Amino acid sequence: MSSCYIPKTLGELGEALKHLTSSSLILAGGTDLVLHMRQRHLEPDLLLSLTDVPALREIQVTPEQVSIGAMATMSEIVTSLDGIEDLQALADAAAGVGSPQIRNKGTIGGNAANASAAADLPPVLWLLGAEAEIMGPGGTCRTISIRDLPDGNQGNTLAENEVILRFLIDRRALKGWRSVFVKLGHRSEVTISRIGLAMALKQDADGTVLDARVVVGAIKPVPFPLPAAEELLRGKKPDPSSDLAIQLGETFKGNTRRVYKENAAKGVFQDALLRFQ
Ligand SMILES: Cc1cc2nc3c(=O)[nH]c(=O)nc-3n(C[C@H](O)[C@H](O)[C@H](O)COP(=O)(O)OP(=O)(O)OC[C@H]3O[C@@H](n4cnc5c(N)ncnc54)[C@H](O)[C@@H]3O)c2cc1C
């Protein structure tokens, strides 16, 4: 490696981005990248570390909006968002990532940029209608929908000299909604998702579902909404002991070739419904 840039401000970051090439690498928490570098013996011409720009770590929550810096770790997301009903799914997803060590280092930016099909935060960011603010060379910024970040082939649509600065969620559109994330893995802890279910419900005072959103991860290369499940939920009480979970599970049919995931979907929905009691 010929050089390593460690900018301290957003201004310095913009300048550093001018020097990135297709052989350069961007380092966040390193939980994915360092393994990848070791396994493939990668020798970047330049390593850009995002670790020392304080602005990239900030999490700001107002009644109108939440802004989460790309370098916010999973642990910081849990601390800041756990208990906030409309944003609970983000805290759930971050709390279920890897081990405490991974959660203390792994960032939301790395999770989304890595674009793994099994990543836990992207389905939630889709569910909540997040946007990603992106910086390019010289500090020019643009904003895209989170849906436009993955390229559908386990990569992302960022140019080689662009970084994600932060994620923005419009909370005005989430007023009255509660959200949860439930994951199915092969183990109960430190497990990669086989199904990641992000669900948000708007209920009346009686608990009847007025509106529903469901986004599924870890099944296809990118998260996808499940309109049939949303339709089933509307007008119902989210009772996990009723037939509703079975019917919801059946909406997975045709979305996966893995029969066990079709069967397991019922239990995952049941766990999600329990959270809305
Ligand atoms: C043991 C173990 C368990 C894990 N368990 C889970 C799990 O349960 N759920 C899960 O979702 N993931 C899991 N992961 C994967 C990983 O920890 C997460 O994806 C983590 O969030 C990655 O963030 P990072 O900061 O470490 O990214 P890094 O490893 O630093 O970077 C990952 C990739 O994203 C790029 N990147 C990072 N930040 C930016 C940015 N701001 N702008 C542009 N590109 C960027 C990097 O260049 C690199 O290509 C696990 C990993 C390990 C090793």
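Each residue takes its place number in the sequence, starting with 1. Predicted model, so just to flag it, every value in this text is computed and none were measured. Both ligands and their constituent atoms are indexed starting at 1 by order of listing.
Residues Lys253 and Glu250 meet the side-chain proximity criterion, which asks for heavy atoms closer than 4.5 Å.
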Check ligand 1 for N or O atoms under 3.5 Å from a protein N or O and list each pair with its distance.
| residue | atom | partner | partner atom | Å |
| --- | --- | --- | --- | --- |
| ligand 1 | 5 (N) | Gly98 | N | 3.3 |
| ligand 1 | 8 (O) | Gly98 | N | 3.0 |
| ligand 1 | 8 (O) | Lys183 | NZ | 2.9 |
| ligand 1 | 8 (O) | Thr191 | O | 3.3 |
| ligand 1 | 9 (N) | Asp120 | OD2 | 2.8 |
| ligand 1 | 11 (O) | Asn111 | ND2 | 2.9 |
| ligand 1 | 11 (O) | Asp120 | N | 2.9 |
| ligand 1 | 17 (O) | Thr31 | OG1 | 2.8 |
| ligand 1 | 19 (O) | Asp32 | OD2 | 2.9 |
| ligand 1 | 19 (O) | Asn111 | ND2 | 3.0 |
| ligand 1 | 21 (O) | Thr107 | O | 2.9 |
| ligand 1 | 21 (O) | Asn111 | ND2 | 3.4 |
| ligand 1 | 23 (O) | Thr107 | N | 3.2 |
| ligand 1 | 23 (O) | Thr107 | O | 3.4 |
| ligand 1 | 25 (O) | Gly29 | N | 2.7 |
| ligand 1 | 25 (O) | Thr107 | N | 3.0 |
| ligand 1 | 25 (O) | Thr107 | OG1 | 2.6 |
| ligand 1 | 26 (O) | Gly30 | N | 3.2 |
| ligand 1 | 26 (O) | Thr31 | N | 2.8 |
| ligand 1 | 26 (O) | Thr31 | OG1 | 2.5 |
| ligand 1 | 29 (O) | Thr31 | N | 3.3 |
| ligand 1 | 29 (O) | Asp32 | N | 2.8 |
| ligand 1 | 29 (O) | Leu33 | N | 2.7 |
| ligand 1 | 30 (O) | Ala28 | N | 2.9 |
| ligand 1 | 30 (O) | Gly29 | N | 3.2 |
| ligand 1 | 30 (O) | Gly30 | N | 2.7 |
| ligand 1 | 41 (N) | Ile164 | O | 3.1 |
| ligand 1 | 42 (N) | Ile164 | N | 2.9 |
| ligand 1 | 47 (O) | Ile26 | O | 2.5 |

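Through side-chain heavy atoms spaced under 4.5 Å, either directly or across other Ile, Leu, Val, Met, Phe, Trp or Tyr residues, Val209 is tied to Val180, Val182, Leu184, Ile195, Leu197, Met199, Leu201, Val214, Val216, Ile219, Phe224, Leu226, Leu232, Leu233, Leu244, Leu248, Phe252, Val268, Phe269, Leu273, Phe276.
Under a hydrophobic-cluster definition in which Ile, Leu, Val, Met, Phe, Trp and Tyr are linked whenever side-chain heavy atoms come within less than 4.5 Å, directly or via other members, Leu27 and Met74 are assigned to different clusters.
Ser80 is linked by a side-chain contact (heavy atoms from CB on, under 4.5 Å) to Ile59, counting only residues two or more places apart in sequence or in another chain. For Lys202, there are no salt bridge (charged side-chain N to carboxylate O under 4.0 Å, His left out) partners, not counting sequence neighbours.
The environment of Lys236 atom NZ is dense: over 12 non-hydrogen atoms of other residues, nucleotides or ligands sit within 6.0 angstrom.
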